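What follows is a set of notes on a single structure, which appears directly below.
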Amino acid sequence: MSYARIIGTGGYLPEHIVTNFDIEQKVDTSAEWIFERTGIEQRHIAAPDETAADLAEHAARRALDAAGIDGDTLDLIVVATTTPDHVFPSVATQIQARLGAYGCPAFDVQAVCTGFVYALGIADKFVRTGSARRALVVGSETFSRILDWTDRTTCILFGDGAGAVVLEASEEPGILSSHLHADGRYKELLWVPAGVSSGYDQTCLNQAYVAMRGSEVFKMAVRTLGRIVDETLSANQMTAEAIDWLVPHQANERILVATARQLNLPMSRVISTVRYHANTSAASVPLALDVGVRDGRIQPGQTVLLEAFGGGFTWGSVLLTY
Ligand code: UT7
């Protein structure tokens, strides 16, 4: 039986940092309120000329370096993003060109904050079935571009960044299972009303920005993440004690704490980056994974559970041996 194993991780955050104190100068909020209700202290924001493909390229190069391989040995590239540079071509094809991986399939996946988990689940299936031997999976977002910076209910929550992993076919266990779900009935709880096909009213520009019913999303996220963790453990006939590290989507520290509590997992076994990164949507899980790997907490052979919840709604998990 062949597995897809992670052989390298990488992350990239834009240089410019916006703190809660910066935000309290712009909207009717306070640095304390933001930190208390979300656990967020700061977020990184892409420069005006910095795009999702630029962030993705940095993260991908770091993952390739960590894996010790060249881009031209890749035979699949999947990028999760909600904020691509262009309507088309995809971010994946742009970074393919920059990495010199010409010819292999390259495409984007859109599942908002669950995007990286979806992309990893898809790439795992390519590798397991023998359609790809080496795959690059990236989550990259410039979410700051779809925020209404006058709306205190959303602009405090998000940041920009990218994270990446390189997968390789291996006889040693790697990704053990992936679990992907969606329920489109909840579209209007978290969405950007405007779109290429639906268009938007030019007199109402805020249709082009994220709109969210925060507390409803919060409750749904906590309930759903509890269920996806149970589903993942039971599919692998495991209990929560077997999890060395939980690497959750970083939306709100209170959601991370609630999920860990449901699992009876101490916060010392949860990788939390929300304080410094805020919610980077599809980039949040691979960025947190990269932080845990690079600071030495996540060690080879350990069991790691990735999970995410986002607009759509979409949600999912990946259980793996690192
Ligand atoms: O990544 C996808 C998933 N996204 C999420 O999971 C986000 C989930 N939601 C959340 O994280 C939280 O719901 C928020 C952080 C967005 C909001 O926290 P909350 O504790 O759910 O607050 P709330 O929306 O229930 O609002 C409570 C009060 C309201 O005032 P009133 O009506 O009680 O007078 C809001 O108007 O807090 C007010 N409020 C604020 N006050 C100061 C909302 N935003 C702010 C703000 N600063 N930035």
Side-chain angles (χ1 to χ4, degrees), residues 18-43 80-83 110-118 139-144 146-161 163 180-184 186-192 206 209-229 247-260 262 270 272-275 277-288 306-317:
V18 173
T19 66
N20 292 351
F21 295 101
D22 297 326
I23 291 188
E24 75 178 7
Q25 309 300 316
K26 292 186 185 158
V27 292
D28 179 19
T29 189
S30 71
E32 296 74 33
W33 191 96
I34 300 171
F35 185 65
E36 270 165 29
R37 304 308 294 163
T38 68
I40 296 166
E41 205 171 276
Q42 62 169 53
R43 67 286 294 139
T81 187
T82 316
T83 49
Q110 213 282 59
V112 206
C113 300
T114 320
F116 179 79
V117 169
Y118 265 62
S140 184
E141 297 282 18
T142 48
F143 232 70
S144 60
I146 54 167
L147 294 177
D148 176 353
W149 285 94
T150 65
D151 176 6
R152 69 176 185 174
T153 67
T154 51
C155 77
I156 60 161
L157 296 171
F158 296 93
D160 300 333
L180 308 179
H181 296 280
D183 188 338
Y186 298 99
K187 160 180 158 184
E188 287 170 24
L189 293 190
L190 175 53
W191 66 322
V192 173
N206 65 3
Y209 300 127
V210 173
M212 178 171 69
R213 304 218 307 252
S215 64
E216 287 164 75
V217 176
F218 185 100
K219 285 178 207 141
M220 189 71 100
V222 171
R223 268 204 306 278
T224 309
L225 289 171
R227 280 210 316 272
I228 192 76
V229 168
V247 183
H249 171 50
Q250 313 281 322
N252 184 321
E253 182 72 13
R254 291 188 290 137
I255 298 178
L256 273 63
V257 169
T259 311
Q262 284 172 350
V270 179
S272 173
T273 53
V274 68
R275 181 171 187 163
H277 300 177
N279 181 348
T280 57
S281 183
S284 101
V285 169
L287 268 169
L306 317 179
E307 45 88 332
F309 177 87
F313 288 136
T314 55
W315 64 97
S317 65

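Predicted model, so just to flag it, every value in this text is computed and none were measured. Ligands are counted one by one from 1 in listed order, and the atoms in each one are counted from 1 as well.
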To check you understand the geometry: which heavy-atom pair defines the closest contact between [X] and [Y], and what is its length?
X: Asp148; Y: Thr150; answer: OD1-OG1, 2.6 Å
X: Gln250; Y: Ser284; answer: N-OG, 3.0 Å
X: Ile255; Y: Ala251; answer: CD1-CB, 4.3 Å
X: Leu157; Y: Thr38; answer: CD2-CG2, 3.6 Å

Option among Asp22, Asp160, Asn20 that satisfies the side-chain hydrogen bond (donor to acceptor under 3.5 Å, both in side chains) test with Arg43: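 For Arg43, the side-chain hydrogen bond (donor to acceptor under 3.5 Å, both in side chains) test succeeds with only one of Asp22, Asp160, Asn20, which is Asn20.
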
Of [options], which has the heavy atom at the shortest distance from [atom]?
atom: atom 46 (C) of ligand 1; options: Thr114, Leu157, Ile40, Thr29; value: Thr29
atom: atom 4 (N) of ligand 1; options: Leu225, Val222, Val217; value: Val217
atom: atom 10 (C) of ligand 1; options: Leu190, Asn252, Thr280; value: Asn252

What is the closest protein heavy atom to [atom], and at what distance does it sit?
atom: atom 38 (C) of ligand 1; result: Arg152 NH2, 3.7 Å
atom: atom 19 (P) of ligand 1; result: Arg254 NH2, 3.8 Å
atom: atom 37 (O) of ligand 1; result: Trp33 CZ2, 3.3 Å
atom: atom 25 (O) of ligand 1; result: Ser215 CB, 3.8 Å

Please determine, by modelled atom types, if Glu141 and Thr83 share a side-chain donor-acceptor pair under 3.5 angstrom. yes

Using a plain distance cutoff, I'd like to know if [X] has any nitrogen or oxygen under 3.5 Å from a nitrogen or oxygen of ligand 1.
X: Asn279; value: yes
X: Gly214; value: yes
X: His249; value: yes
X: Thr153; value: no

Short check: is a protein heavy atom less than 4.0 Å from [atom]?
atom: atom 32 (O) of ligand 1; value: no
atom: atom 23 (P) of ligand 1; value: no
atom: atom 40 (C) of ligand 1; value: yes
atom: atom 43 (C) of ligand 1; value: yes

Between Asp28, Ile34, Ile23, which is the residue that forms a side chain to side chain contact (heavy atoms under 4.5 Å, CB included) with Arg152? Asp28

Is Ile34 close enough to touch ligand 1? Criterion: a residue heavy atom under 4.0 Å from a ligand atom. no

Got a donor-acceptor contact below 3.5 angstrom from the Thr114 side chain to the Gly310 backbone? yes

Residue portion contacting ligand 1 (non-hydrogen atoms closer than 4.0 Å) for Ile255: side chain

